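Everything on this sheet refers to the single structure shown next.
Values reported hereafter were calculated over all heavy atoms of this structure, with side chains retained and with hydrogens, waters and symmetry mates removed. Quick caveat: nothing in here was measured; it's all calculated off a predicted structure. In this chain, residues are counted from 1 in sequence order.
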Amino acid sequence: MATIFHKFSNEKKAFFNPEDVIDCNPDFPELCVSTFSEKIINKFTSFNNVEVIGQLFSANGNIPIYQITYKNTRIAFFLSRVGAPACVAGIEEVIAMGAKKLVLFGSCGILNEETTRGKMIVPTAAIRDEGTSYHYVEAADEILADENSIKTLVHCLKKCGYPYVKGKTWTTDAIYRETKSLIQDRKAEGCIAVEMECAAALAVTQFRKLPFIQFLFGADNLDNSQWEPRDLMDYGLSGAEKYMALAFECVLAL
């Protein structure tokens, strides 16, 4: 596998590219927000000032792209698919449509309960335990979040009055292989959360030079002797307004 992940291609053009399958829309909003929670998306699509402005197509079915007006500014928003490859494909395609700035948010597993309890999580770096990021950024154990994006996110968190914590996250492809020994290893490396997309999202947006912010909210807890699902299956619905308001403020500030 080292011959795959460590043989990085610097070519900017692939054999086929997002713009080969996606039509650029000159009227597409420059600001874009995405989340992994269908429940949150459905809550906001019920608002009167929301309209469908596009589609993402796949064999799994189509994903509508919506537009909302927030503080007199048009913002696109859409559902990201779970998992690094599908998430990144969606990001690539909205960039090809015309998005210029992106905020992505979703739930995560808690690896440090004491540090994260009741707080929004600001990823400062992600351990690259997935495959997608290696096709956008040269091989390394971790990828760093952009410092200006971190500062912007923290500013918006303070503005909204939300408590937060900064720290490293563990991006993994295999949710059912988060073994006790691996969890301990990641905690020893400073990870406070675990999820499936952050490293890849950072990589693709850095490769495409797209201003990008990601924030996380805790769902299930892995910092215990037994797994605690907590409100994992709520998919963030109980905090929908809080998360979307923060996302809108962040994308305006990028």
Could you tell me the separation between the [atom1] atom of [X] and the [atom2] atom of [Y], rounded to the nearest 0.5 Å?
X	Y	atom1	atom2	answer
Tyr164	Thr116	OH	OG1	15.0 Å
Leu210	Ile95	CG	CD1	4.5 Å
Met196	Thr169	CE	OG1	12.0 Å
Phe105	Ser34	CZ	OG	8.0 Å
Glu197	Leu216	CD	CG	9.0 Å
Ile213	Leu254	CD1	CG	4.0 Å

[X] atom [atom1], over 12 foreign heavy atoms within 6.0 Å:
X	atom1	value
Phe47	CZ	yes
Asp20	CG	yes
Glu30	CD	no
Asn49	CG	yes
Lys166	NZ	no
Lys39	NZ	yes

Under 3.5 Å side-chain donor-acceptor pair for [X] and [Y]:
X	Y	value
Glu195	Thr171	yes
Ser133	Arg128	yes
Ser238	Asp234	yes

Worksheet item: Which residue pairs pass the side-chain hydrogen bond (donor to acceptor under 3.5 Å, both in side chains) test when at least one of the two sits in residues 101-111, sequence neighbours left out?
Response: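 Residue pairs passing side-chain hydrogen bond (donor to acceptor under 3.5 Å, both in side chains), neighbours aside: none found.
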Beyond-backbone contact of [X] with [Y], side-chain heavy atoms, under 4.5 angstrom:
X	Y	answer
Phe57	Glu93	no
Phe8	Asn10	yes
Leu246	Cys156	yes
Glu178	Leu222	yes
Met233	Asp231	no
Leu102	Pro211	no
Val122	Val165	no
Glu130	Thr172	no

Worksheet item: Hey, which of Thr35, Val103, Ile41, Ile40 is the one that makes side chain to side chain contact (heavy atoms under 4.5 Å, CB included) with Phe77?
Response: Ile41
Main chain of [Y], side chain of [X]: is a donor-acceptor contact present, judged purely on distance under 3.5 Å?
X	Y	answer
Glu249	Leu252	no
Thr69	Asn72	no
Gln206	Leu144	yes
Asn221	Leu111	no
Thr124	Gly167	yes
Thr205	Phe212	no
Lys168	Glu189	yes
Asp146	Asn148	yes

For the student: nearest non-hydrogen atoms of [X] and [Y], plus distance:
X	Y	result
Phe207	Glu11	CZ-O, 4.2 Å
Leu104	Ser80	CD1-OG, 3.7 Å
Pro123	Phe215	CD-CA, 4.1 Å
Lys43	Ala240	CD-CB, 3.6 Å
Asp220	Cys108	OD1-O, 3.6 Å
Ala99	Phe28	N-CD2, 3.6 Å

Discussion item. Once you measure the plane-to-plane angle for Phe248 and Phe44, does it fall in the parallel (<30°), tilted (30-60°) or perpendicular (>60°) bin?
Written reply: perpendicular
Fill in: Partner residues of Glu113 under the salt bridge (charged side-chain N to carboxylate O under 4.0 Å, His left out) criterion, sequence neighbours left out
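With neighbours one apart ignored, the set is Arg117, Arg230.
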Fill in: In one Ile/Leu/Val/Met/Phe/Trp/Tyr side-chain cluster, 4.5 Å: Trp170, Ile175
no
Worksheet item: Do Val33 and Val52 share a hydrophobic cluster, counting only Ile, Leu, Val, Met, Phe, Trp and Tyr and linking them when any side-chain heavy atoms are less than 4.5 Å apart?
Response: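 Same cluster.
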Practice prompt. Give a yes or no on whether a salt bridge exists between Glu51 and Arg74, defined as a side-chain N under 4.0 angstrom from a carboxylate O.
Written response: no
Worksheet item: Do Lys242 and Phe217 meet the cation-pi criteria used here (NZ or CZ under 6.0 Å from the six-membered ring centre, within 45° of the axis)?
Response: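 Verdict for Phe217: no cation-pi partner in Lys242.
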Worksheet item: Does NZ or CZ of Arg81 come closer than 6.0 Å to the centre of the six-membered ring of Phe36, within 45° of the ring's axis?
Response: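 So Arg81 doesn't make the cation-pi contact.
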Practice prompt. Could you walk me through whether Arg186 and Ile127 pass the side chain to side chain contact (heavy atoms under 4.5 Å, CB included) test, one step at a time?
Written response: CA-CA 8 Å; Arg186 298 294 90 81; Ile127 288 186; 3.9 Å; yes
Worksheet entry | side chain to side chain contact (heavy atoms under 4.5 Å, CB included) assessment of Leu153 paired with Ile150 | CA-CA 5 Å; Leu153 174 53; Ile150 294 172; 5.8 Å; no
